[in-house]
Each structure stands twice: as C-alpha cells, then as structure tokens.
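Remember, it's a predicted structure, so these values are computed and weren't measured experimentally. We count ligands from 1, going down the list as the structure has it; atoms in each ligand are counted the same way.
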Amino acid sequence: MSRIERLAALLEVPLLVTSGVNVRYLTGLASSNAALLVDPGGEATLFTDFRYARRARTLESVRFEQTARAVIGDLATRLAGQTIGIEAHVLTLDSLHALRAGSVAAQPTSGLVERLRAIKEPAELESLRQAAAISDKVFGALAEERFAGRTELELAWRVRELFNEHGSSELSFDTMVAAADNGASPHSDNRDVAVLANTLVIIDAGCRVDGYASDCTRTFATGGLPDELARAYAVCLEAQLAGLEAMGPGVSGREADAAARDVIAAAGWAEEFGHGLGHGIGLEVHEAPAARPESTDTLEAGNVLSCEPGIYLAGVAGVRIEDMVLITDDGRERLTQVGKELVTVG
Ligand code: ZN
Ligand code: ZN
C-alpha cells in the first residue's frame with residue numbers, strides 16, 4: 001500500500017494535511033505552502049500556489065489544484081460546508097478561523113501521519129544509514145583534531161567543513177560544541193571562548209541525506225580528567241549501553257528510558273539526567289517514537305530513534321553519548337557505529 005492509502009485507511013472523514021513535512025512524506029513535494037486533502041477512499045488532492053505548481057503537476061499519486069498564495073483561505077471557499085479532519089498540532093489558530101469563516105467544520109486529529117512516518121521503509125532506511133555513515137566519518141575525523149585553544153564556534157565550523165568533506169552539505173541542526181561548564185546544560189549556545197585542557201567537550205551534530213537526518217553525540221576529553229568527570233563518562237557509557245540493550249520491538253519507550261536512567265540513578269546522578277533517553281529520527285530530527293519517562297509509545301520494528309543519556313554536572317561539565325538505533329524484528333541495530341570509548345584529543 002502507498003503511504004496515502006495507509007493514511008486513508010485510518011480516516012473516517014477527509015484529512016487536510018498542512019504539515020509541510022507530512023505533505024512531503026505523502027507526496028514527495030517539498031513546499032513551504034501546500035496542503036493535501038486525503039479522502040478515506042484513498043483519493044488525494046494537493047493544493048499549492050504558482051511557485052510549486054510545475055513540480056506539483058508532475059506528481060502521479062495525487063490530483064493537483066492550484067490555489068492563491070493564501071492556501072487555507074482559498075480552501076475555505078473550495079471546501080465550504082464540508083467536514084474535514086485537521087492536524088491540530090500543526091494548523092494555526094488563524095487558519096482554523098479562516099476555515100470556520102468558510103463554514104468548513106474542522107475535527108481535530110493528532111499524529112496520524114507521524115504514526116506512519118515512525119515506521120521507516122527500506123528507501124528511507126537507506127538514506128538514514130547513509131546520513132549515519134557520514135556522521136561516523138565526521139566523528140572519526142574529529143578525534144584527530146586539536147580542541148584545546150580553539151573556540152567552540154571554531155570547532156562547530158570545523159564540524160560543518162567535515163560534513164561537507166564527507167558527503168553532506170546540509171546539517172540537520174546547528175552543531176553543538178559545549179566544553180566544560182557549558183556542557184552542563186543539555187542545550188547550550190556555542191561560545192567564542194577557547195576550550196580548556198583537562199575537561200569534557202560534548203559535540204552533538206548531524207547531517208541530511210535525501211532529507212533524512214542523522215543525529216549523533218560524542219563527548220571528548222581534552223587531556224587527563226578529574227576523577228568525577230572520568231566517572232561521569234564511564235557511568236554515561238554504561239547507561240547508554242543499557243539503554244541500547246533494552247531497546248527492541250514491543251518494549252515501551254518508558255522501559256527503554258528506565259534501563260538507562262536506573263544506571264545513572266544508581267551512580268547518584270538521577271537529578272543530573274533531566275531529559276528523555278531518545279527520540280525518533282527521520283525527516284525531522286525529533287519525531288515519533290519517544291523514549292522517556294512519560295512516553296506512551298511502544299517500540300516497533302522499523303522505528304529509528306536515538307539513545308542518548310547524559311549527565312550534567314552544574315558548573316563543571318557534561319557528558320552525553322548518542323547513537324541512532326534501528327529497531328529490528330528481533331532487537332536493534334546501531335546505525336551510528338563510531339567508537340564510544342573515551343577519546344582524548346589535544
Ligand atoms: Zn543529538
Ligand atoms: Zn538526539
């Protein structure tokens with residue numbers, strides 16, 4: 001079954017897909033201004049403006065109707081009197097008001113296309129594998145770089161160069177380089193400050209292949225480490241391996257998270273691991289499924305998600321180790337394969 005047919009099978013009323021990523025997933029059209037109306041019978045009509053019309057006409061899986069630049073306003077007229085489902089997590093309040101002004105009855109839905117996107121098809125997996133393989137090369141090359149004395153901003157620029165050199169010119173998100181105390185918060189801004197010796201440096205980076213993202217983190221040592229940081233690295237690695245080991249089909253996102261979290265808690269750092277273990281990765285860097293304490297997801301074969309425990313020691317440094325993992329019929333496969341033993345750089 002095609003992606004559109006699989007979506008149609010979940011519907012009782014036509015669904016108006018307005019998430020750009022979801023439209024792209026269902027039709028192949030990358031557009032900043034398109035909507036797709038999918039009928040429960042499997043018919044699909046793509047609406048977009050002049051700028052994307054030529055591309056849209058070439059798509060075989062959908063009918064195409066050109067609209068005004070204000071797609072939703074235009075649709076409010078075309079769909080007047082009808083009842084449709086909307087993506088409540090995406091559609092803006094302005095767009096909802098516009099639909100209602102055209103007497104379109106909107107029923108909220110959430111995550112229908114995202115549920116399909118969580119199970120990767122072979123071609124999607126191939127792109128994810130390639131993106132992960134490029135990440136491996138970049139992190140492998142980073143181990144040969146000098147860190148101490150260069151600023152976090154300089155190192156982030158070097159990461160971008162390495163992705164270009166190894167085959168991807170598109171980053172999946174802004175590279176994070178967080179040395180010493182800057183690494184003590186999970187999301188930090190790169191500083192224009194030289195990296196010091198004898199501390200930890202978190203580098204979280206990824207690229208895209210055919211739109212599919214990679215996401216990998218390694219933490220490097222810039223020389224010999226104080227005992228507390230050496231121990232934090234060892235505990236984080238043990239937790240990451242426990243998280244990986246726990247991931248598999250039928251395992252809940254909550255259970256996978258707990259497997260890693262328990263290791264960190266047993267080391268006395270429960271409060272220092274304040275985020276979830278993992279998130280799905282695909283056309284978006286954060287998508288379904290989620291592995292975290294409040295997750296209601298159950299892992300299934302075909303999911304690709306991260307496994308990324310961290311320990312953040314306020315005022316000192318942080319450590320995070322992140323791999324991309326494919327859930328298989330009988331377990332899991334690591335897509336990022338670059339080594340995880342502590343690497344000491346200059
Ligand atoms: Zn990451
Ligand atoms: Zn991640």
Side-chain angles (χ1 to χ4, degrees), residues 21 114 117-118 120 127-129 131-140 142 152 155-156 158-160 162-163 168 170-179 182-190 200-209 211-220 233 236-237 239-241 243-244 246-247 253 256-257 259-261 264 273-295 297 299 303-312 317-327 332-340 343:
V21 178
E114 286 79 358
R117 279 172 39 200
K120 269 61 182 182
S127 300
L128 287 162
R129 280 182 199 284
I134 293 170
S135 286
D136 281 346
K137 288 181 188 158
V138 168
F139 279 94
L142 272 173
E152 293 172 355
L155 284 164
R158 182 65 187 134
V159 170
R160 178 179 273 283
L162 286 168
F163 274 112
S168 176
E170 190 183 358
L171 300 185
S172 47
F173 54 91
D174 288 340
T175 299
M176 183 186 119
V177 178
N182 200 29
S185 67
H187 284 170
S188 54
D189 291 328
N190 302 335
L200 290 171
V201 184
I202 299 174
I203 299 193
D204 190 349
C207 66
R208 287 186 188 276
V209 170
Y212 286 83
S214 62
D215 182 9
C216 183
T217 306
R218 290 294 181 266
T219 301
F220 298 87
Y233 191 93
C236 186
L237 179 55
Q240 208 260 355
L241 295 173
L244 281 175
M247 287 181 175
D257 177 274
R261 194 167 301 281
I264 292 174
F273 175 27
H275 59 74
L277 179 66
H279 54 84
I281 303 166
L283 287 169
E284 288 182 293
V285 179
H286 293 100
E287 54 179 57
R292 53 173 186 253
E294 66 277 18
S295 173
D297 296 334
L299 305 184
N303 287 159
V304 171
L305 75 161
S306 67
C307 180
E308 52 175 312
I311 299 170
Y312 306 94
V319 49
R320 180 164 71 252
I321 302 170
E322 174 178 30
D323 280 317
M324 290 169 68
V325 187
L326 165 66
I327 304 302
R332 87 237 35 110
E333 177 193 336
R334 211 147 62 86
L335 298 183
T336 42
Q337 294 175 355
V338 63
K340 289 183 283 198
V343 170

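Ring planes of His286 and His279: tilted class, angle from 30 to 60°.
At a threshold of 4.0 Å, the pair Asp215-Arg208 does not count as salt-bridged, since none of the basic side-chain nitrogens sits closer than that to a carboxylate oxygen.
Looking at Asp136, its side chain never comes within 3.5 Å of a backbone N or O of Thr336 through a donor-acceptor pair. At least one donor-acceptor pair under 3.5 Å links the side chain of Ser214 to the backbone N or O of Cys207. Asp297 places a side-chain N or O within 3.5 Å of a backbone atom of Ala290 that can act as its donor or acceptor partner.
Every ring pair (Phe, Tyr, Trp, His ring centres under 6.0 Å) that Phe273 has, sequence neighbours left out, goes to His275.
Any protein N/O/S atom under 2.8 Å from the Zn ion (ligand 2) was counted, giving 4 altogether.
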